[in-house]
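The structure appears right after this line, and notes come after that.
For this chain, numbers begin at 1 and follow the sequence in order. Keep in mind that what you see is a predicted model, and the values were worked out from it rather than measured.
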Amino acid sequence: MIKKHYKKILTLILITSIWSSLEAQNDNVIEQKIESILSQLTLEEKVNMCHAQSKFSTKGVERLGIPEIWMSDGPHGVRAEISWDDWAYAGWTNDSITAFPALTCLASTFNPNLAKDYGYSVGEEARYRKKDVLLGPGVNIYRTPLNGRNFEYMGEDPFLASKLVVPYVQGVQENGVAACVKHFALNNQEHWRDKINVEVSDRALYEIYLPAFKVAVTEGKTWAIMGAYNKFRGAHTTHSPILHKILKTDWAFDGVVISDWSSAHSTKEAALYGLDMEMGTGTDGLGTTTANHYSSYYLANPFLEAIKKGEIEEAIVDDKVRRILRLMFRTNMSSNRPLGRVNNTEHHEVARKVATEGIVLLKNDKNFFPIQDKKGLTIAVIGENATRSMTKGGGSSELKPKFEISPLEGLKDRYKNAKIIHAMGFASGESVYDQVLPSPYNADSLKVEAIEVAKKADIVLFVGGLSKSHLQDCEGDDRQQYHLPFGQEELLKEIKAVNGNLGMVLLTGNAVEMSWLDKVDGLIQGWYLGSMAGNALADVISGDVNPSGKLPFSFPKKLEDNAAHSFDELSYPGDGTNQYYKEDILVGYRWHDTKKIKPLFAFGEGMSYTDFKLSDIQTDKKSYSENESISVSCTISNVGGRSGSEVVQVYVGKSKSKVKRALKELKGFQKVEVDSGKGVTANIEIPVSALAYYDETTSNWIVEKGTYNVYVGNASNNISKSLKITVK
């Protein structure tokens with residue numbers, strides 16, 4: 001038996017070795033082809049490959065058979081086709097897709113396997129649409145709940161974002177489509193995003209804002225990175241020295257750096273500091289001048305002239321073209337590229353699965369949820385968000401799905417016995433990118449109707465939140481208020497006065513103030529859930545699916561409790577020129593824990609329809625050296641009445657550190673499914689090297705010797721046991 005097992009291991013090692021050797025040989029062949037092509041290109045052809053020829057494509061070289069590169073927006077799905085020269089939609093009838101849940105929802109699943117399924121599915125749709133680069137995912141850290149683009153990102157914790165971005169990128173790229181991880185770096189607000197200069201310590205940069213980008217490159221092997229709009233230490237990040245130093249040198253990134261649209265500002269800096277492909281700098285139609293033409297981009301004719309004059313070496317453009325050709329051999333010049341699929345049943349199932357696992361149950365007094373489907377029961381569904389499209393709006397991530405099941409539709413389809421009645425309740429108005437058109441509805445009339453509908457019901461489900469429009473969850477600017485807009489808070493109070501059986505479904509990509517929380521018995525955080533939104537919400541509300549989502553960011557009680565907002569305006573939003581991250585490394589739960597500021601809802605928090613108990617929590621030993629891993633184990637027992645999933649979370653903190661530290665930081669987690677009355681053992685490995693801090697004096701990572709606290713629980717504010725270990 002032992003010999004057989006040993007033989008299998010040797011066979012696996014041999015196969016792995018052969019495969020690695022073949023991959024290396026293939027890479028060598030590709031690099032030889034790249035050099036051969038490079039030698040045949042004229043200087044003009046090389047430069048032409050470094051900038052856009054339309055809103056979402058770059059030139060190929062027809063005489064050599066080198067194709068164009070086509071890109072699409074969309075971390076949550078492939079955007080509808082855009083016109084050649086402007087931002088108008090092209091009006092195609094065959095560009096409808098599956099809308100997947102926003103990335104805040106994916107982060108709430110705490111499930112890397114689902115991240116892989118998500119990435120593969122959206123990559124398959126991008127491939128079917130003949131895209132070579134998918135502009136996503138986004139991994140900018142949630143610093144303030146006002147950031148209009150937080151819904152596109154993966155929360156406030158760099159470890160969680162890191163664990164999810166790697167499988168997402170790998171899934172996308174299995175389809176021969178490049179993932180373009182964005183926005184590198186420190187693009188943590190939309191307000192003044194095109195000019196704000198961020199000042200932040202090296203420790204915060206390396207420990208908080210770069211880790212997800214780093215693993216996307218070193219582990220996910222992403223083929224593209226997108227630069228950001230903002231400045232960092234005086235330099236635009238799309239052509240900042242950090243691109244060359246950190247990304248391309250320290251991390252050995254061999255892919256392409258693509259500008260965000262109009263984020264390039266200099267020919268010389270773009271050339272020397274690592275920008276490879278410039279997009280969106282001009283051309284919203286030529287009008288009467290050619291000054292806005294693609295040939296006028298910084299990496300177009302000005303780049304060409306600078307090389308001809310000897311101001312920039314030709315080796316600079318050669319490096320860019322090598323990277324672009326390498327991207328092509330991985331995508332549109334790959335010999336074994338799959339064909340892709342779109343709007344198939346499997347993609348809809350993945351979208352629904354991500355949505356149901358990402359929905360977070362935050363309050364459930366009197367067991368308000370799940371709501372049973374029974375005859376004689378009348379459920380009033382109140383709120384514009386019950387019928388409003390949540391795939392539209394939001395900026396560049398807006399989608400054109402083949403269908404979108406609204407919450408109201410999903411509930412009506414699921415509840416065959418209970419009676420569902422609806423009132424709009426409030427209206428937000430339609431958003432046109434940088435403005436919101438006034439609502440055509442009378443607010444008082446909507447309120448009166450909603451209250452009358454509530455009087456007729458046994459149960460009220462208020463479906464509210466934000467609307468993915470300008471100054472809410474939307475690209476281009478930040479929210480201007482922390483509380484709910486459009487009179488929702490007052491409406492909730494008035495509904496409560498006529499019907500005490502009130503629950504809330506909150507559709508947002510951000511935390512909101514909840515002065516109304518005591519008015520509702522049940523609260524579900526529903527996110528923006530894509531094509532299958534209504535079905536997924538009905539799955540959880542009805543109890544067909546037991547909720548297992550966990551918050552990927554903290555909900556402060558009031559805005560001033562958030563770290564970025566606890567200081568003056570120089571911390572947020574800045575003075576219009578500069579901004580200082582005064583909270584340093586204490587972002588999110590790190591701030592709440594360390595400063596002992598209790599959040600409304602904590603990072604990692606989320607309830608279930610069953611009950612779990614963590615026991616037998618232990619580490620494999622008490623003392624470790626730097627090259628070892630800490631093995632944390634515990635038993636998760638389902639002591640409730642139905643099957644469900646729980647997320648075991650392991651945090652580590654250093655007591656008596658010689659540098660400033662957070663009380664604790666997430667270093668491991670595992671999602672486990674447990675049948676009612678059963679128990680499952682979770683084992684979580686944490687490399688001791690992951691406990692290092694970034695030492696600014698040596699520009700290196702340091703693991704301190706001494707005592708560490710290991711906290712094991714199911715939320716950052718719900719620790720079942722704390723253990724002490726020693727690092728030698």
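- Using modelled atom types, one finds a donor on one side chain and an acceptor on the other under 3.5 Å when comparing Asp157 with Tyr589.
- One N or O on the side chain of Gln472 and one on the backbone of Ser467 form a donor-acceptor pair closer than 3.5 Å.
- A donor atom on one side chain and an acceptor atom on the other are not found under 3.5 Å apart for Ser396 and Arg79.
- In this structure, Arg193 does not pair ionically with Asp477, as no charged nitrogen and carboxylate oxygen lie closer than 4.0 Å.
- One side chain, Asp260 or Tyr229, offers a donor N or O that lies under 3.5 Å from an acceptor on the other.
- Under 3.5 Å, the side chains of Thr238 and Glu269 contain no donor-acceptor pair of N or O atoms.
- A distance-only check finds no donor-acceptor pair linking the side chain of Thr594 to the backbone of Trp591 [under 3.5 Å].
- Screening Leu559, Val512, Asn150 against Arg479 for a side chain to side chain contact (heavy atoms under 4.5 Å, CB included) leaves a single residue, Val512.
- Within the cation-pi definition used here (under 6.0 Å to the ring centroid, within 45° of the axis), Lys468 qualifies as a partner of Tyr528.
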Practice task
Report the C-alpha separation of Ser259 and His51 in whole Å, then their side-chain angles, then the decisive distance to 0.1 Å, and conclude whether the side-chain contact (heavy atoms from CB on, under 4.5 Å) test is met.
Solution key: CA-CA 10 Å; Ser259 73; His51 64 85; over 6 Å; no
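- If you check the side chains of Glu219 and Gln170, you find no donor sitting under 3.5 Å from an acceptor.
- No hydrogens or angles considered: a donor-acceptor pair under 3.5 Å links the side chains of Tyr581 and Asn188.
- Side chains of His183 and Tyr153: a donor-acceptor N/O pair is present below 3.5 angstrom, by distance only.
- A donor and an acceptor atom, one from each side chain of Glu605 and Ser716, are nowhere located under 3.5 Å apart.
- Listed for the Asn197 side chain is a donor-acceptor partner under 3.5 Å among the backbone atoms of Gly234.
- Ion pairing of Glu81 with Lys400 is absent here, as no side-chain N (NZ or NE/NH1/NH2) approaches a carboxylate O to less than 4.0 Å.
- In this structure, Arg143 forms no cation-pi arrangement with Tyr572, as its terminal cationic atom is not both closer than 6.0 Å to the ring centre and no more than 45° off the ring axis.
- A donor-acceptor pair shorter than 3.5 Å cannot be found between the side chains of Ser531 and Glu404.
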